[in-house]
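As the structure is a prediction and not an experimental result, all values here were calculated from the model.
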Protein chains: 2
Amino acid sequence: MGAKIQRTDRRSDALSKKRIVGVAIEILDDAGESALTFRALAGRMATGSGAIYWHVSDKDELLAAAAEEVVTPFMIKIGGGRPREAIRLIALGLFDAIDAHPWVGTQLSRGPGQPAMLRIFEGIGGRLLALGVPERALFDSWSALVNYIVGVAVQNAANARSHARGTDRTALLATVATQWSQLDPCEYPFLRQVAAQLREHDDREQFLAGIDLILAGIGTVG
Amino acid sequence: MGAKIQRTDRRSDALSKKRIVGVAIEILDDAGESALTFRALAGRMATGSGAIYWHVSDKDELLAAAAEEVVTPFMIKIGGGRPREAIRLIALGLFDAIDAHPWVGTQLSRGPGQPAMLRIFEGIGGRLLALGVPERALFDSWSALVNYIVGVAVQNAANARSHARGTDRTALLATVATQWSQLDPCEYPFLRQVAAQLREHDDREQFLAGIDLILAGIGTVG
DNA sequence: ACCTGAACACCGTTCAAGT
DNA sequence: ACCTGAACACCGTTCAAGT
């Protein structure tokens, strides 16, 4: 402060990266990834499509910022409780965020430079340190957990995206389960067999079961 | 045979879904995902862009078929050895396939209906059965493994895509490691700390380490 | 049955021109 | 400094017209 000028927007409808990202999230949530267009964005903000480029350099930057906006809040909320519990909270936070905003999954799968990704990486890593995982097992353990968590998140998002919006996870599972139960029994005996379990299970709980499985594996090393 | 007419292409340059998918893979490998255009495809095949639609209904179908073409061969080759070893072979097969064709990663992350995905799901599931994993642990174990394997595959592909083609995994790791080592030490202490290990490690070996970790976790249940 | 290629309805991005 | 909106160089997809 002092030398630096604090520039707040004088008009409430002034353009800013913050507002643009906010409206982008609205469009993504309302109408899906394909609906996010610079023209649509400009239309909703009552401005020209080129104006957006003054505040945002790229569509990539816009999407990365939108994803970070969704991921950051729940990562901050987690705090410093028991590390095992914190890991589960991070995982569930991401799970729920992607449930509400499937497009975040696409974004996460676009590279490791994503700021949203870095926050998750760091969050898990710090908790494994706190958990007392021995030095030699730390890197492999971290990598396995992070890959699992992000992997499930991305696949869940893909599931959600591949069906019409509005259908919830339960209805969606039923669809996939039906598909699997109709597969060729010679080529796909296993998938046919588990189709029934797929229909009954709860995605969220099973996601946690996977994390516990990996933590159990980590435990065998420590 | 008999009633059914065996229709082979009379001219060697006749259009067919098989040839179209082949050329699509060529383009994807040579020049990346953004280069695969119906116009580029038509250009290389010396035909009109609309002609392709006679054999392929969609760009989605084209990409799914291309991914399946890459995944199927190594899944077939694996055969019925020791199940633990077979699981590793499936995982490594996918790893190497995506190393050679990063665009397969994008495709895999596009939904669970992908035929390429189904083959992997089935392959892992069958081996867990053969491994004697108890009924009650089977579904969670399968889901954790599959999610991990596909998750790593997709993220690896994203890594490869986010940098120029030609740079190999080792050079790429160095880039990411450098980025991480320059992160804000207050916000990202863990990532800064593991940046050095990231530079040294071998992606492939560590991928296997993750699988072993999950298998170890599965072992604690059985 | 299969192929042609112009046409349609879009994109992201740029940039001279305005305020 | 910030915004406008036409223009550019593309897309995927369709479809009348050809063979």
Side-chain angles (χ1 to χ4, degrees), chain A residues 3-25 27-28 30-67 103 106-107 110-111 161-162, chain B residues 4-28 30-67 103 106-107 110-111 161-162:
Chain A
K4 219 166 203 172
I5 292 165
Q6 188 87 354
R7 185 195 299 273
T8 55
D9 46 340
R10 24 206 99 176
R11 300 180 304 162
S12 69
D13 63 330
L15 244 46
S16 70
K17 182 165 172 182
K18 209 182 165 66
R19 269 195 72 229
I20 291 169
V21 170
V23 175
I25 292 176
I27 294 176
L28 287 164
D30 289 357
E33 298 172 65
S34 66
L36 181 61
T37 301
F38 277 83
R39 276 168 252 259
L41 207 44
R44 268 217 218 192
M45 305 192 82
T47 183
S49 61
I52 292 156
Y53 283 88
W54 189 262
H55 299 95
V56 151
S57 69
D58 225 57
K59 195 175 183 183
D60 275 358
E61 193 199 312
L62 181 60
L63 285 165
W103 50 270
T106 313
Q107 201 45 34
R110 280 179 63 101
R161 243 175 306 120
S162 70
Chain B
K4 220 168 204 172
I5 291 165
Q6 190 87 352
R7 186 193 298 271
T8 55
D9 45 340
R10 25 205 102 172
R11 300 179 304 162
S12 68
D13 64 329
L15 244 47
S16 70
K17 181 166 173 181
K18 205 180 170 67
R19 269 195 73 230
I20 291 170
V21 170
V23 175
I25 292 176
E26 271 177 40
I27 294 176
L28 288 164
D30 289 356
E33 297 172 65
S34 66
L36 181 62
T37 300
F38 276 82
R39 275 169 254 257
L41 207 45
R44 267 217 217 192
M45 306 193 80
T47 183
S49 60
I52 292 156
Y53 283 89
W54 188 263
H55 299 94
V56 152
S57 70
D58 224 58
K59 194 175 184 182
D60 274 357
E61 193 200 310
L62 181 59
L63 285 166
W103 51 270
T106 314
Q107 202 45 33
R110 280 180 64 103
R161 243 176 307 119
S162 70

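Between A/Val21 and A/Ala65, the shortest heavy-atom distance links the atoms CG2-CB, 3.8 Å. Of all heavy-atom pairs spanning B/Ser16 and B/His55, the tightest one is CA-CD2, 3.8 Å. In terms of heavy atoms, B/Asp60 sits closest to B/Gln107 at O-NE2, 4.3 Å. Of all heavy-atom pairs between A/Ala35 and A/Ile27, the closest is O-CG2, 3.6 Å.
Here A/Ile52 contributes atom CD1 and A/Ile20 contributes atom CD1; the two are 5.5 Å apart, rounded to the nearest 0.5 Å. A distance of 11.5 Å separates CG of B/Leu36 from CG of B/Asp30, quoted to the nearest 0.5 Å.
Atom P of nucleotide D/dG5 and atom CG of A/Leu41 are separated by 16 Å, given to the nearest angstrom.
Contact annotation: B/His55 does not reach the phosphate of C/dA1 (side-chain N/O to OP1 or OP2, under 4.0 Å). At D/dC2, one or more side-chain N or O atoms of A/Trp54 fall inside 4.0 Å of OP1 or OP2 (strictly under the cut-off).
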Point to revise | Paired and unpaired positions of DNA chain D as dot-bracket, Watson-Crick or G-U wobble under 3.5 Å, | denoting a partner strand | key: ||.|||||...|||||.||
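Between the side chain of B/Lys59 and the backbone N or O of B/Phe38 there is no donor-acceptor pair closer than 3.5 Å. Remark: the backbone N or O of A/Ala40 is not paired with any side-chain donor or acceptor of A/Thr37 at under 3.5 angstrom.
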Review point. With the sugar-phosphate defined as primed atoms, P, OP1 and OP2, and the base as all remaining atoms, what B/S/- string results for nucleotides 12-19 of chain C, 5' to 3', for protein heavy atoms under 4.0 Å?
Key: BBB-----
